[in-house]
Amino acid sequence: MRKQIGIIIGVLAFAQTTLAQKDSILLDNVEVVASMLHRNISSATNIQTIQKADLIDLGIDNVADAVKRFAGVSVRDYGGIGGMKTVSIHNLGTHHVAISYDGVTLSNTQAGQIDIGRYDTDNLSSISLSLGDEDQLMLAARQYVSAGVLALKSERPHFEANRTNHLKVNLTAGSFGYLSPAFRYSHRIGGRTSVSFQGKMMRADGQYPYTLTNGRLKTREHRYNSDIQSWQGEVNLYHTFANANELDVKAYWYYSQRGLPGAVILYANPSEERMWDEDFFVQSVYRAHLHQRLQLEARLKYTHSWNKYRDVGSEYPSGEQVDIDRQDEYYGSATLGWNIAKGLDMSIAEDLSYNKLKNNVYVNTNYDVPLPTRLTSISALAMKWRINRLKINGSLGYTYAHEMVEAGNKPADKTRFTPSIALNYRLLAHIPLFFRAMWKNTFRVPTFNDLYYRRLGNVNLRPEIAHQYSTGLTWETHYRALRYLSFTVDGYYHDVRDKIVAFPSTYVWRMANYGKVDIWGVDMTMGAQVDIASRWNAKFSAAATWQQALDKTNTTSQTYNSMLPYTPKWSGNGSIVLSTPWLNIGYSVIMQGSRYSSAQNKLEYRMNAFWEHSLTLNREFQLKSFRLNLQAKVTNLTDQQYEIIQYYPMPGRQFTFSGTFYF
């Protein structure tokens, strides 16, 4: 590990973390503090961003792979191209992370988890992660009451002079039967309206090889039942009114059928489990300038999700088990922003949502059918004050959740205030060296699965509460050919109480508030860009996290003061992109240190550290009537076998080739 840490620190000598952009106040009156500073340097909280150009240069084609490049983030990956991938910040759990798509949050009230692996980067202009509240105030109330926000931002259509349309066609093929055609068509209607259509299909058999170890015997096996076929489509409409107000409308559809390969435990029979998923949502965002000092942003959304699970086996009376779930959400949100005075802004946000769940879990059983519905109201008041070199952000959220069931007991209403405050102070007037600190209180309401799922559910669950504390330093410099060199370091402590876990009772396992966790850590990022010669430049980025997430639940337990499962002390990543007139070369590495697969930190549960190296080559050709971009990528260059979740081996060396035509 000392050598690995040394390599990470060495890579950290160069890095790029986030987008350079102007730091401005809420409304039209813009006060420029430092036009060349990166966003993460002058913000009051840790905000990291990956831009479109970096996604292309590193060959990152889905959101899950992009998120692995952020400090303080862990992605649960069950292996395979179609395996589920969820994100957690500082080991708080996936339920504490809000994921927004063009300013409107994604949701799953049934399980509380969003599979970020199904969202690709083809149509995204940026992906950003804020650990705490964003600096800007025009946010939905849901985002204020979350521990952090992963924001996906679509690439808006852009047209060359005298052009009213644009077409992009892509074909990608790779190892393990991977094939994915995609297109995006944009059209300008008049001078104020544009629309885009995009679609993508993906299939893979997922039969990658791995080594099975049984004592001294090692055999070469293949992963089975890991196939996937998916289709997705999206329509976006952008309109600007004569008074400069804006309306954005998005419709999204996704469908997939895939195998669930299951755990690899010696020579067990291949899994027979299958999963079908369908998601559809339509959303709109309206932005209006009501007055010179007043701004409104309103959001509406409808979401429908359907999934079907099937398993075949003799343990079922009919020979198979089929579970079908349907959930719907109706969501409305509005945020009113007010520029009170120079350097002082505030906003008021209100979210209302109605969720309902139907499934066949209780069919042919003796249990009551709850058919739960939930009405949730979230309110937030936020303020931002800037005076000289000091910037202070604060917010106060209030959540009210009321549930109704058609049969059985229902939980009590959930209510809670969640305050937060963050500050950023420029230590030296002429040197961009900043000190920042944050405190934030968040909680998560139990999911429908936590409350009602068969005999595991417990309607008496309390919300899971988290207190976040962090403090850090940021610095950036520029010198001639060195476009920028930036450093950030943030230390944090999180106190999680009433953690919701499956806990054994007299005869069965039940969900219970039985957890207290102390989380300590340090996030470090560095970045640089160097101009080598005309049309030659190099960008370097890296991030590292040291973390201890300790179980503090019961002093008499064998797991007391032990690291939480799948929590490495050290994790990190780094990348180098070399741009030349003929070829762009991208190299990246992702690392996780040793960790334990069980709450008992014993040697038999210890999982080895791993390093995954990737290499990408791409070249763009300007032809007479179109542009052509060719790209080749090798993932897991060293063919290392590793697992993120025990008994779920990840793929070895993979090759991917793609061609993109721009008309």
Side-chain angles (χ1 to χ4, degrees), residues 7-8 10-20 38 48-71 73 75 120-128 155 168 170-175 178 180 482-486 525-533 535-544 572-591 610-621 627-640 651-660 662:
I7 293 175
I8 290 180
V11 175
L12 284 173
F14 311 94
Q16 166 195 332
T17 54
T18 54
L19 170 67
H38 282 66
Q48 304 170 68
T49 303
I50 296 181
Q51 297 298 317
K52 180 75 171 182
D54 298 319
L55 295 172
I56 294 174
D57 289 337
L58 295 175
I60 301 173
D61 59 2
N62 69 77
V63 172
D65 287 342
V67 171
K68 293 176 183 178
R69 271 71 181 177
F70 293 138
V73 173
V75 176
D120 44 57
T121 61
D122 291 347
N123 65 315
L124 298 182
S125 63
S126 67
I127 301 172
S128 65
E155 183 179 20
K168 181 177 78 171
N170 173 268
L171 179 62
T172 304
S175 303
Y178 181 84
S180 178
L482 180 65
R483 289 197 186 180
Y484 65 87
L485 174 64
S486 63
T525 70
M526 297 186 184
Q529 180 169 345
V530 181
D531 290 332
I532 302 172
R535 300 175 63 191
W536 286 69
N537 68 75
K539 291 190 292 185
F540 307 85
S541 69
N573 65 82
S575 68
I576 302 173
V577 175
L578 177 63
S579 299
T580 76
W582 309 283
L583 189 69
N584 292 342
I585 305 170
Y587 163 79
S588 65
V589 59
I590 297 173
M591 172 267 176
F610 70 84
W611 295 70
E612 184 187 85
H613 306 263
S614 300
L615 181 65
T616 305
L617 307 175
N618 78 77
R619 168 77 187 274
E620 187 167 292
F621 301 88
R627 291 181 293 124
L628 171 62
N629 184 282
L630 297 178
Q631 185 176 96
K633 181 180 179 181
V634 185
T635 305
N636 197 352
L637 190 63
T638 60
D639 199 26
Q640 180 179 5
R653 186 183 296 114
Q654 307 163 65
F655 297 90
T656 306
F657 304 93
S658 69
T660 305
Y662 299 89

Handout entry: Cationic N near anionic O, under 4.0 Å, Asp54 to Lys539
Key = yes

Problem - Side chains of Asn618 and Thr616, donor plus acceptor under 3.5 Å - result: no

Handout entry: Gly652 backbone acceptor or donor facing Asp639 side chain under 3.5 Å
Key = no

Fill in the blank from the handout: Looking only at heavy atoms, the pair that brings Asp57 and Asn584 closest together is OD1-ND2, 3.7 Å

Exercise for the section: Give the minimum heavy-atom separation between Tyr662 and Glu620, together with the two atoms involved. Expected result: CE1-OE1, 4.4 Å

Handout entry: Gap separating the OG1 atom of Thr580 from the CH2 atom of Trp536, nearest 0.5 angstrom
Key = 5.0 Å

Handout entry: Distance, nearest 0.5 Å, that separates CD1 of Ile56 from CG of Asp122
Key = 9.0 Å

Completion exercise
When rounded to the nearest 0.5 Å, the distance separating CG of Leu628 from CG of Leu630 is 4.0 Å

Practice task
Kindly indicate whether the side chain of Asp61, heavy atoms from C-beta on, has any atom under 4.5 Å from the side chain of Asp120.
Solution key: no

Problem - Test item: Thr121 side-chain N/O and Ile60 main-chain N/O as donor-acceptor pair under 3.5 Å - result: yes

Exercise for the section: Identify which one of Val75, Asn573, Asp65 satisfies the side chain to side chain contact (heavy atoms under 4.5 Å, CB included) criterion when paired with Ile590. Expected result: Asn573

Exercise for the section: Taking all non-hydrogen atoms of both residues into account, name the closest pair between Thr525 and Gln48 and its distance. Expected result: CG2-OE1, 4.1 Å

Problem - Test log, rule side chain to side chain contact (heavy atoms under 4.5 Å, CB included), inputs Val530 and Leu482 - result: CA-CA 5 Å; Val530 181; Leu482 180 65; 3.8 Å; yes

Practice task
Drop me the distance from Lys633's NZ to Ser175's OG, to the nearest 0.5 angstrom.
Solution key: 12.0 Å

Exercise for the section: Please round to the nearest 0.5 Å and tell me the distance separating atom CG of Leu58 and atom CG of Leu615. Expected result: 10.5 Å

Practice task
State, with a plain yes or no, whether a side-chain heavy atom of Ile585 is found less than 4.5 Å away from one of Leu617.
Solution key: yes

Fill in the blank from the handout: Correct closest heavy-atom pair for Ser126 and Thr49 would be CB-CG2, 4.2 Å

Exercise for the section: Give a yes/no verdict on a cation-pi contact between Arg619 and Phe621, requiring under 6.0 Å between NZ or CZ and the six-membered ring centre and an angle within 45° of the axis. Expected result: yes

Handout entry: Gap separating the OG atom of Ser575 from the CD1 atom of Ile50, nearest 0.5 angstrom
Key = 8.0 Å

Handout entry: Exercise: identify the closest heavy-atom pair between Asn123 and Lys52
Key = N-NZ, 4.2 Å

Practice task
Determine, stepwise, if the pair Arg69 / Ser541 fulfils side-chain hydrogen bond (donor to acceptor under 3.5 Å, both in side chains).
Solution key: CA-CA 9 Å; Arg69 271 71 181 177; Ser541 69; over 6 Å; no

Handout entry: Closest heavy-atom pair and its distance - His613, Thr638
Key = CD2-CG2, 3.9 Å

